[in-house]
2 protein chains.
Amino acid sequence: MTITQAEENYLKAIFKISEKSDKPALTNAISAVMQTTAASVTDMLKRLAEKDLISYEKYKGVQLTEEGNRLATALIRKHRLWEVFLTEKLGFAWDEVHELAEQLEHVQGNDLVGRLDAFLGHPKFDPHGDPIPDADGRWAYRKQSPLATLQAGDHGVVTGVEDHSSAFLQYLDQLGLGLGAGIELIERFPYDQSVRIRTSDNREMVLSEKVSQNLYIKTG
Amino acid sequence: MTITQAEENYLKAIFKISEKSDKPALTNAISAVMQTTAASVTDMLKRLAEKDLISYEKYKGVQLTEEGNRLATALIRKHRLWEVFLTEKLGFAWDEVHELAEQLEHVQGNDLVGRLDAFLGHPKFDPHGDPIPDADGRWAYRKQSPLATLQAGDHGVVTGVEDHSSAFLQYLDQLGLGLGAGIELIERFPYDQSVRIRTSDNREMVLSEKVSQNLYIKTG
DNA sequence: AAATATTTTTAGGTTTGTCTAAAAATATTT
DNA sequence: AAATATTTTTAGACAAACCTAAAAATATTT
Ligand SMILES: [Mn+2]
Ligand SMILES: [Mn+2]
Ligand SMILES: [Mn+2]
Ligand SMILES: [Mn+2]
């Protein structure tokens, strides 16, 4: 029972949709993530159901089976480990690694992932702050909240992003707000929900509501 | 003008066949390397000719164009750099890396090769002793001869292999004759052309003619 | 409840890369 | 030079992964 790259990518898409709501993933949602037509998705869903990687009821959406979940998790693990490699070892910026990891995640070979993981020192989080599941598919949990939910006086550290776009990541770089940056919320302006913050290196700046919704902070 | 993985692999196969004789690469030779049928090869040759990556005359075989040669060389560069990565950084044995490199060589991205090359310290040879072309497609040259062509009394260092099979590489490991091993040819037995050698750590052993034909030595 | 809108599936087609079987071209032997 | 063998190409088919257009199912509005 061999699995193609396209099939792997669909499994990952379904996984990511299912993360946000435990309802079945719908055809249109999948087609949006995969940038294909709904007709192509239906084609693929039949194949994945045939291989018992999803449970599929016509018109009702799909859910990953045990096996489908296992494969999707393994793929995400590979993707994120490669992203760590590309940033830590090859010196790519955090906004440059996703497309490369999309290709590298499909490379298969005996113990490649395990060796890569060891070489990188068993990282628990990728360059975007996303958790890397371990070899058994277990996820590290870390309590973090959008900056948008913090109160004046709260302080913490940047631990992740919701928006993974290059535009957002580069903007954060420009502001000096990469992962690990220390932040204190000074005030929130009721007019537009923008916030004034102070960084640990004592710079003050104002961030839009949009930024504050896309930036995750671990408080305390 | 985009190029597929299959096309890249055919270009590499044609390159490798053309290395040994400067006559055109024939359909059957390509099908042997690619493990496909002659009919599939003919199909692909038409596509490659259409893209001006080969010059193709029906029934007469093919040759790479400038552009085809450039692409094949770049692919071999990537393949061998990844092989260095897998052995030097991830600790794979030299007989384990080829299949992984066959996949990794197709990963495309801005400056990935350049960064990988720098990370590895601009290696000139891969784990099998094969030269790695530089970014401009220039090959390092190294004078080496099959052990089978040396005379009694000659000594040198193992610098490469003709046979890349896992069986041969593992056998060499077992004998302690990896790349860099020092060797002196003591005598050749006329009966079967086997040879007695002494290693630099002062072990003596007899090698078959087959081994001596597949092992390259740099003398002096 | 009917009408309308949206979502999903089906039907039929395309491209890539493979195959087998048959035909055509080339090479070798007699 | 003919006959035979080998190599290569053509013809026709198939699976994977996509597409567009039309039909069917489901959801929403009136
Ligand atoms: Mn990514
Ligand atoms: Mn990531
Ligand atoms: Mn190799
Ligand atoms: Mn090699």
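The model shown is predicted, which means the values in this text are computed figures rather than measured ones. Only this structure's heavy atoms are used, side chains among them; waters, hydrogens and symmetry mates stay out. Note on naming: letters A, B, ... go to the chains in the order of the sequence lines (proteins, then strands), and numbering restarts at 1 for each one.
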Student: So if I take every side-chain heavy atom of A:Met44 and compare against C:dT9, D:dA17, C:dT18, which nucleotide ends up nearest?
Tutor: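 Comparing C:dT9, D:dA17, C:dT18 against the side chain of A:Met44, the answer is D:dA17.
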
Student: Between D:dA17 atom C1' and A:Lys51 atom NZ, what is the distance in whole Å?
Tutor: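 Going from NZ in A:Lys51 over to C1' in D:dA17 covers 12 Å.
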
Student: Between atom CD in A:Glu7 and atom P in D:dA15, what is the gap in whole Å?
Tutor: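 Atom-to-atom, A:Glu7 to D:dA15, this comes out as 15 Å.
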
Student: Any base atoms under 4.0 Å from B:Asn28, or only sugar-phosphate, or nothing? Heavy atoms, all strands.
Tutor: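 Sugar-phosphate: the residue B:Asn28, judged by heavy atoms under 4.0 Å, touches backbone atoms but no base.
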
Student: Please give, in whole Å, the distance from D:dT8 P to B:Ile30 CD1?
Tutor: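 Atom CD1 in B:Ile30 sits about 9 Å away from atom P in D:dT8.
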
Student: When Watson-Crick pairs (N1 to N3 and N6-O4 or O6-N4) and G-U wobble pairs (N1-O2 and O6-N3) count only below 3.5 Å on both distances, what is the dot-bracket string of DNA chain D, with | for other-strand pairs?
Tutor: ||||||||||||||||||||||||||||||

Student: Send over the distance from A:Gln5 CD to D:dC18 P, rounded to a whole Å.
Tutor: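 Atom-to-atom, A:Gln5 to D:dC18, this comes out as 11 Å.
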
Student: Could you state the atom-to-atom distance from OH of B:Tyr10 to P of C:dT16 in whole Å?
Tutor: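 Spelled out: OH on B:Tyr10 to P on C:dT16 is 14 Å.
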
Student: Any idea which heavy atoms bring A:Lys60 and A:Pro24 closest together, and the distance?
Tutor: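 In terms of heavy atoms, the two residues are closest at O-CB, 3.4 Å.
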
Student: Any N/O pairs under 3.5 Å between the protein and nucleotides 25-28 of chain C? List them or say none.
Tutor:
unit_1: C:dA25; atom_1: O4'; unit_2: B:Tyr59; atom_2: OH; d: 3.3

Student: Mind checking if A:Thr36 touches a base, just sugar-phosphate, or nothing, with heavy atoms under 4.0 Å?
Tutor: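 Sugar-phosphate only.
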
Student: Begin with the C-alpha distance, continue with both residues' side-chain angles, and end with the deciding distance and a verdict on side chain to side chain contact (heavy atoms under 4.5 Å, CB included) for B:Val195 and B:Val206.
Tutor: CA-CA 5 Å; B:Val195 294; B:Val206 173; over 6 Å; no

Student: Side-chain contact test, heavy atoms from C-beta onward, threshold under 4.5 Å: evaluate it for B:Phe92 versus A:Leu112 and give yes or no.
Tutor: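 Yes - at least one pair of side-chain heavy atoms lies under 4.5 Å apart.
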
Student: Could you tell me whether A:Ala38 contacts a base, only the sugar-phosphate backbone, or nothing, with contacts defined as non-hydrogen atoms closer than 4.0 Å?
Tutor: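 Touches a base.
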
Student: Within this structure, what is the CD1-to-P distance between A:Ile3 and D:dA17, rounded to whole angstrom?
Tutor: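 Answer to the nearest Å: 10 Å.
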
Student: Parallel, tilted or perpendicular: which fits the ring planes of A:Phe85 and B:Phe119, with parallel below 30° and perpendicular above 60°?
Tutor: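 Rings of A:Phe85 and B:Phe119: perpendicular, over 60°.
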
Student: Could you tell me how far apart A:Leu45 (CG) and D:dA16 (P) are, to the nearest whole angstrom?
Tutor: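 Spelled out: CG on A:Leu45 to P on D:dA16 is 15 Å.
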
Student: Strictly below 4.0 Å: does B:Thr42 bring a side-chain N or O up to OP1 or OP2 of D:dT8?
Tutor: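 B:Thr42 to D:dT8 OP1/OP2: no side-chain N or O under 4.0 Å.
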
Student: Consider the side chain of B:Thr37, meaning its heavy atoms from C-beta on, and name the nucleotide among C:dT20, D:dA17, C:dT8 that approaches it most closely.
Tutor: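 Nearest to the side-chain atoms of B:Thr37, counting from C-beta on, is C:dT20.
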
Student: Scan A:Asp136, A:Asp117, A:Asp126 and name whichever one has a salt bridge (Lys or Arg N to Asp or Glu O under 4.0 Å) with A:Arg77.
Tutor: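 Exactly one pass, corresponding to A:Asp117.
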
Student: For the pair made of CG in B:Asp43 and P in C:dT16, what is the distance, rounded to whole Å?
Tutor: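 In whole Å, C:dT16 P lies 11 Å from B:Asp43 CG.
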
Student: Can you find a side-chain donor-acceptor pair between A:His128 and A:His98 that sits under 3.5 Å?
Tutor: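 A:His128 vs A:His98: no donor-acceptor pair found between side chains.
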
Student: So if I apply the salt bridge (Lys or Arg N to Asp or Glu O under 4.0 Å) rule between B:Lys12 and each of B:Glu19, B:Glu102, B:Glu7, which one comes out positive?
Tutor: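 When salt bridge (Lys or Arg N to Asp or Glu O under 4.0 Å) is applied between B:Lys12 and each of B:Glu19, B:Glu102, B:Glu7, only B:Glu102 qualifies.
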
Student: Hey, is the side chain of A:Tyr56 poking within less than 4.0 Å of OP1 or OP2 on C:dT8, counting only N and O atoms?
Tutor: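 Indeed not, no polar side-chain atom of A:Tyr56 lies that close.
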
Student: Between A:His164 and A:Asp95, do the side chains contain a donor N or O and an acceptor N or O under 3.5 Å apart?
Tutor: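 No - no donor-acceptor pair under 3.5 Å links their side chains.
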
Student: Hydrogens and angles aside, do B:Ser55 and B:Gln63 bring a side-chain donor and acceptor to less than 3.5 Å of each other?
Tutor: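 Looking only at side-chain atoms, B:Gln63 and B:Ser55 do not form any donor-acceptor pair under 3.5 Å.
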
Student: Less than 3.5 Å apart, any donor N or O on the side chain of B:Glu209 or B:Ser194 sitting next to an acceptor on the other?
Tutor: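 No pair is found: no donor N or O on one side chain lies under 3.5 Å from an acceptor on the other.
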
Student: Distance check: side-chain N/O of B:Arg47 vs OP1/OP2 of C:dT16, anything under 4.0 Å?
Tutor: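 So the side-chain polar atoms of B:Arg47 never come under 4.0 Å of the phosphate oxygens OP1 or OP2 of C:dT16.
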
